[in-house]
Asker: 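Encoded as structure tokens, here's the structure I'll be asking about.
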Amino acid sequence: MNKQEIAEMLRNAVLTQTPITQISQNEMVFSLSDAKEVQAIGLQLALEAGETLCGYKMGLTSKAKQKDVNVFEPIQGYLLRSFEIPKAGVLKMNTRIHPRVEPEVAVVLKKDLIGPGVTLRDVVNALEGIYPALEIVDSRYEKFIFKLEDVVADNTSASGFMVGRVNLLPELNSLNLMGILVRKNGRIVETGAPAAVLGDPLLSVMYLANSLAEESKSIPAGVVVLTGGITQSVSFEMGDRIEVEWPQEVLSFTAE
């Protein structure tokens, strides 16, 4: 199976909500480089279908998330405009396979961040806003089981996101230790703090900028960057109510 066919199979899994087996189980050789090419083809297929690129996401940036899926290095993917969920809205389950939710820090830049050699200071100087966020991850693989190459090809399980209204930039110095709760149907199921993301979620933005530079790309001003899951992901089903509670704002949705 060639890379184009793999990308089309993954896109079809999204469109039909039908999980597939791991690519790495079916292919004699499937490298990380191959997986990145498949992800790029997948983005091109989405753009040709009328989608719009609106940002990037980092994945597996916390020990909890790495343990969650048994993959132990950060990865990156892209965000489409159609992924965004209305605040306090409804999450449509008829477009998902086996979704999970995780709290995140979202970053928006006021100027392009161009690597290589981007430092943490460069990230801070480029900041326009830092926002409470949540991400919906929904692996296209059966039982959420995959290797590193598989999840990269699958655009790091990206499926949806919500960004809050409150800009936390004035509270940058205390950001890393803010307490976050995830509730499902009113019950606390996860707790955490942004420091779980590489010790500082802004390091995730630095990592992304320098990684994109290897592909002659940059992080454009104004796009959304999701810095990575703070806690283990929380599965949910039809009818469940999810709330991600920050000290400044609560993000929520109902699965229908």
Asker: For Thr18 and Ile97, run side chain to side chain contact (heavy atoms under 4.5 Å, CB included): C-alpha distance rounded to whole Å, both residues' side-chain angles, the deciding distance at 0.1 Å, then the answer.
Answerer: CA-CA 7 Å; Thr18 305; Ile97 299 174; over 6 Å; no
Asker: Report the C-alpha distance between Glu37 and Ser31 in whole Å, list the side-chain angles of each, state the deciding distance to 0.1 Å, and finish with yes or no for side chain to side chain contact (heavy atoms under 4.5 Å, CB included).
Answerer: CA-CA 10 Å; Glu37 288 187 48; Ser31 67; over 6 Å; no
Asker: Distance-only, no hydrogens or angles: does the Asp150 side chain make a donor-acceptor pair with backbone N or O of Gln22 under 3.5 Å?
Answerer: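 Not a single qualifying donor-acceptor pair exists.
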Asker: When clusters are formed by joining ILVMFWY residues with side-chain heavy atoms under 4.5 Å apart, either directly or through shared neighbours, do Leu181 and Val101 land in the same one?
Answerer: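 No: no chain of side-chain contacts under 4.5 Å links Leu181 to Val101.
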Asker: Within the structure provided, determine whether Ser159 and Arg140 are in side-chain contact (heavy-atom separation under 4.5 Å).
Answerer: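 They are in contact (side-chain heavy atoms under 4.5 Å apart), so the answer is yes.
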Asker: If I compare all heavy atoms of Leu53 with all of Leu47, which pair ends up nearest, and what's the gap?
Answerer: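 Leu53 and Leu47 have their closest heavy atoms at N-CD2, 3.9 Å.
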Asker: Counting only N and O atoms by type, is there a donor-acceptor contact under 3.5 Å from the side chain of Asp154 to the main-chain atoms of Ser139?
Answerer: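 Checked: no pair found.
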Asker: With rounding to the nearest 0.5 angstrom, report the OG1 to CD distance, Thr156 to Gln76.
Answerer: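 CD of Gln76 is found 9.0 Å from OG1 of Thr156.
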Asker: Under the rule for salt bridge (Lys or Arg N to Asp or Glu O under 4.0 Å), what residues qualify as partners of Glu135, not counting sequence neighbours?
Answerer: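 Only Lys57 meet the salt bridge (Lys or Arg N to Asp or Glu O under 4.0 Å) criterion with Glu135.
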Asker: Is the backbone of Thr227 close enough, under 3.5 Å, to the side chain of Thr61 for a donor and an acceptor to pair up by distance?
Answerer: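 At least one qualifying donor-acceptor pair exists.
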Asker: Let me know which of Ile180, Leu168, Leu202 forms a side chain to side chain contact (heavy atoms under 4.5 Å, CB included) with Pro194.
Answerer: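 So the option named by the test is Ile180.
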Asker: Closest heavy-atom contact between Glu190 and Val234?
Answerer: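 That would be CG-CG2, 3.6 Å.
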Asker: Is there a side-chain contact between Val189 and Arg187, using heavy atoms and a 4.5 Å cut-off?
Answerer: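 Heavy-atom side-chain distance check passes, below 4.5 Å.
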Asker: Quick check for you: to the nearest 0.5 Å, what is the distance between Met93 atom CE and His98 atom NE2?
Answerer: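 One gets 10.5 Å once the value is rounded to the nearest 0.5 Å.
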Asker: Check Ala35 against Phe30 and note the closest heavy-atom contact, atom names and distance.
Answerer: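 Closest pair (atom of Ala35, atom of Phe30, distance): CA-CZ, 3.9 Å.
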Asker: Taking the side chain as C-beta and beyond, is there a heavy-atom pair between Pro201 and Asn176 under 4.5 Å?
Answerer: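 With C-beta onward as the side chain, the pair touches.
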Asker: Do Val224 and Cys54 have side chains that approach each other closer than 4.5 Å (heavy atoms only, starting at C-beta)?
Answerer: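 No, too far: nothing below the 4.5 Å cut-off.
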Asker: If hydrophobic clusters are built from ILVMFWY residues whose side chains come within less than 4.5 Å, do Leu32 and Val38 share one?
Answerer: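 In one cluster with Leu32: Val38, yes.
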Asker: Is there a path of hydrophobic side-chain contacts, each under 4.5 Å between heavy atoms of I/L/V/M/F/W/Y residues, joining Leu10 to Leu45?
Answerer: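 No.
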Asker: Measure from the side-chain N and O atoms of Thr16 to the backbone N and O of Asn12, and report whether any donor-acceptor pair falls under 3.5 Å.
Answerer: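 Here the side-chain-to-backbone pair exists.
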Asker: Check whether any side-chain heavy atom of Val152 lies under 4.5 Å from a side-chain heavy atom of Glu149, and answer yes or no.
Answerer: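 Result no, sub-4.5 Å side-chain heavy-atom pair not found.
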Asker: Which heavy atom of Ala196 sits nearest a heavy atom of Ile230, and at what distance?
Answerer: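 Scanning both residues completely, I find the closest heavy atoms to be CB-O, 3.4 Å.
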Asker: With a 3.5 Å cut-off and sequence neighbours excluded, list the donor-acceptor pairs that the side chains of residues 121-134 form with protein atoms.
Answerer:
residue	atom	partner	partner atom	Å
Asp122	OD2	Thr119	N	2.9
Asp122	OD2	Thr119	OG1	3.1
Asn125	ND2	Arg121	O	3.3

Asker: Working to the nearest 0.5 angstrom, can you tell me the gap between Ile114 CD1 and Asn210 CG?
Answerer: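 Here the interatomic distance stands at 12.0 Å.
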Asker: Any chain of hydrophobic side-chain contacts (each under 4.5 Å) joining Tyr78 to Val14?
Answerer: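 Tyr78 does not cluster with Val14.
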Asker: Let me confirm one number: the CD-OG1 distance from Glu245 to Thr191, rounded to the nearest 0.5 Å.
Answerer: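 Going from CD on Glu245 over to OG1 on Thr191, the span is 12.0 Å.
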Asker: Does Glu104 reach the side chain of Phe161, with side-chain heavy atoms less than 4.5 Å apart?
Answerer: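 They are not in contact (no side-chain heavy atoms under 4.5 Å apart), so the answer is no.
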Asker: Looking at residues at least two apart in the chain, or sitting in another chain, which of them share a side chain to side chain donor-acceptor pair (under 3.5 Å) with Gln4?
Answerer: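 Checked Gln4 against side chain to side chain donor-acceptor pair (under 3.5 Å); matches are Glu8.
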Asker: Could you tell me how the ring of Phe146 sits relative to the ring of Tyr141: parallel (under 30°), tilted (30 to 60°) or perpendicular (over 60°)?
Answerer: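 Rings of Phe146 and Tyr141: tilted, as their planes differ by 30° to 60°.
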Asker: Among all residues two or more places apart in sequence or in another chain, which pass the side chain to side chain donor-acceptor pair (under 3.5 Å) test with Asp200?
Answerer: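 None.
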Asker: Could you walk me through whether Val166 and Trp246 satisfy the side chain to side chain contact (heavy atoms under 4.5 Å, CB included) test, starting with their C-alpha distance in whole Å, then the side-chain angles of each, then the deciding distance to 0.1 Å, before giving a yes or no?
Answerer: CA-CA 10 Å; Val166 178; Trp246 289 67; over 6 Å; no
Asker: Taking atom CE of Met58 and atom CE of Met206, what is their separation to the nearest 0.5 Å?
Answerer: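 The distance works out to 10.0 Å.
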Asker: Give a yes or no on this: more than 12 heavy atoms of other residues, nucleotides or ligands lie within 6.0 Å of atom CG of Asn2.
Answerer: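 Yes.
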Asker: Using a 4.5 Å cut-off on heavy atoms from C-beta on, say whether the side chain of Ile136 contacts that of Phe236.
Answerer: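 Yes, close enough: below the 4.5 Å cut-off.
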Asker: For Leu208 and Ile219, which heavy atoms make the closest approach, and how far apart are they?
Answerer: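 Nearest heavy atoms, Leu208 then Ile219: CD2-CD1, 3.7 Å.
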Asker: Of all the heavy-atom pairs spanning Gly179 and Pro247, show the shortest one and how long it is.
Answerer: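 Shortest heavy-atom contact: O-CD, 3.3 Å.
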Asker: With a 4.5 Å limit on heavy-atom distance, are the side chains of Met162 and Val244 in contact?
Answerer: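 Not in contact.
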Asker: So Arg183 and Val250, side chain to side chain contact (heavy atoms under 4.5 Å, CB included) or not? Walk me through it.
Answerer: CA-CA 10 Å; Arg183 300 178 190 270; Val250 178; over 6 Å; no
Asker: Using the side chain to side chain donor-acceptor pair (under 3.5 Å) criterion, which residues pair with Ser235? Sequence neighbours excluded.
Answerer: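 None.
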Asker: Considering residues at least two apart in sequence or located in another chain, which fulfil the side chain to side chain donor-acceptor pair (under 3.5 Å) criterion with Gln17?
Answerer: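 Partners of Gln17 under the side chain to side chain donor-acceptor pair (under 3.5 Å) test: none.
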Asker: Distance from Asp138 atom CG to Asn155 atom CG, nearest 0.5 Å?
Answerer: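 That separation rounds to 12.0 Å.
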Asker: Do other residues, nucleotides or ligands put more than 12 heavy atoms under 6.0 Å from Glu237 CD?
Answerer: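 Open: at most 12 neighbouring heavy atoms sit under 6.0 Å from CD of Glu237.
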Asker: I'd like to know if Val197 and Leu203 are part of one continuous hydrophobic network [Ile/Leu/Val/Met/Phe/Trp/Tyr, side-chain heavy atoms within less than 4.5 Å].
Answerer: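 Same hydrophobic cluster.
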